[in-house]
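This report concerns only the one structure given below.
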Amino acid sequence: QVHLVESGGGAVEAGGSLRLSCTVSGNIDDYNCVAWFRQAAGKGREEVAHTYPRARSIYYADSVKSRFTLSIDNAKNALDLEMNSLKPEDSGTYYCAAGRPICYSRVPRTDGSFDDWGQGTLVTVST
């Protein structure tokens with residue numbers, strides 16, 4: 001069974017930065033889509049960014065474009081999310097997800113199309 005383990009969450013002030021990492025126990029290139037989602041308290045799960053590992057095309061939600069950067073570290077078999085200029089509305093639990101259906105850079109994905117999930121890491125951005 002594949003395991004996804006997130007790390008890097010924490011508490012920062014608005015304008016600060018955090019780097020999240022998701023380590024995949026299998027081969028990340030075996031998936032056709034790997035993504036980060038987030039869920040704020042009392043709200044539904046929202047996709048933040050995704051990529052098709054073999055093509056490296058990347059999708060970003062409008063709310064994070066130009067502030068967040070998604071990347072794959074093949075040496076570590078990890079999906080990283082660099083988050084800059086953080087805002088209080090970026091707060092929530094961030095989840096790593098991986099799935100078989102191919103994803104594209106201009107089309108967001110719903111959480112139902114992902115097969116494997118991490119346990120989540122909490123990000124808190126204060127004013």
Side-chain angles (χ1 to χ4, degrees):
Q1 184 177 0
V2 175
H3 294 283
L4 285 70
V5 180
E6 301 99 337
S7 61
V12 295
E13 294 183 348
S17 299
L18 283 173
R19 185 178 183 89
L20 306 184
S21 187
C22 171
T23 302
V24 180
S25 63
N27 187 346
I28 198 169
D29 285 344
D30 286 345
Y31 289 102
N32 291 321
C33 192
V34 287
W36 283 96
F37 282 76
R38 67 186 180 189
Q39 187 168 20
K43 295 188 177 181
R45 198 172 291 184
E46 170 194 23
E47 187 182 40
V48 175
H50 70 231
T51 186
Y52 173 30
R54 280 166 283 178
R56 303 297 169 101
S57 53
I58 299 175
Y59 163 85
Y60 293 101
D62 288 343
S63 58
V64 306
K65 279 181 182 176
S66 77
R67 299 188 298 121
F68 290 14
T69 302
L70 187 70
S71 62
I72 290 177
D73 185 336
N74 283 106
K76 298 180 180 179
N77 219 29
L79 179 69
D80 295 334
L81 185 68
E82 180 74 30
M83 306 187 296
N84 299 313
S85 302
L86 283 162
K87 304 175 181 180
E89 52 264 43
D90 294 319
S91 297
T93 301
Y94 282 68
Y95 298 91
C96 176
R100 305 298 176 189
I102 295 174
C103 54
Y104 302 94
S105 61
R106 297 183 180 183
V107 182
R109 301 298 297 272
T110 61
D111 55 6
S113 56
F114 291 88
D115 305 298
D116 298 305
W117 290 84
Q119 81 289 350
T121 185
L122 182 63
V123 172
T124 303
V125 185
S126 60
T127 55

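A quick note: this is a predicted structure, and the numbers were derived from the prediction, not measured.
Between atom CD1 of residue I58 and atom OG of residue S71 there is a gap of 7.5 Å, rounded to the nearest 0.5 Å. Atom OG of residue S91 and atom CG of residue L122 lie 8.0 Å apart, to the nearest 0.5 angstrom. The CZ atom of R38 sits 14.0 Å away from the OG1 atom of T121 when rounded to the nearest 0.5 Å. A distance of 10.5 Å separates CD in E46 from CD in Q39, rounded to the nearest 0.5 Å. Remark: L70 CG to L20 CG distance equals 10.5 Å, nearest 0.5 Å. We find the OH-OG distance between Y52 and S105 to be 13.0 Å, quoted to the nearest 0.5 Å.
In this structure, T51 and I72 approach most closely via the heavy-atom pair CG2-CD1, 3.9 Å. Closest approach of D30 to R100, counting heavy atoms only: O-NH1, 3.1 Å. Smallest separation of non-hydrogen atoms from A35 and H50: CB-CB, 3.5 Å. Here the shortest heavy-atom pairing between D29 and P53 reads OD1-CB, 3.4 Å. Taking every heavy atom of both residues into account, M83 and V123 meet most closely at CE-CG2, 3.9 Å. Heavy atoms only, all atoms of each residue included: D90 and S85 are closest at OD2-O, 4.4 Å.
Within a 6.0 Å sphere centred on CD of Q119, other residues, nucleotides and ligands contribute more than 12 heavy atoms.
Side-chain contact check for R109 versus Y59: every heavy-atom pair is 4.5 Å or farther apart. Contact check for S113 versus E47: no side-chain heavy atoms found under the 4.5 Å cut-off. Between S21 and K76, the closest side-chain pair of non-hydrogen atoms is not below 4.5 Å. With a 4.5 Å cut-off on side-chain heavy atoms, H3 and T23 do not count as touching. Here the side chains of W36 and E6 are in contact, with some heavy-atom distance below 4.5 Å.
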Evaluation steps, side chain to side chain contact (heavy atoms under 4.5 Å, CB included), between L79 and I28
CA-CA 8 Å; L79 179 69; I28 198 169; 4.1 Å; yes
Where do L81 and F68 land on the side chain to side chain contact (heavy atoms under 4.5 Å, CB included) test, with the steps shown first?
CA-CA 7 Å; L81 185 68; F68 290 14; 4.2 Å; yes
Could you please spell out the steps behind the side chain to side chain contact (heavy atoms under 4.5 Å, CB included) verdict for V125 and E89?
CA-CA 8 Å; V125 185; E89 52 264 43; over 6 Å; no
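F37 forms part of a hydrophobic cluster together with Y95, F114, W117, judged by ILVMFWY side-chain heavy-atom separations under 4.5 Å.
Under the 4.0 Å criterion applied to side-chain N and carboxylate O atoms, D62 and K65 are assigned as salt-bridge partners.
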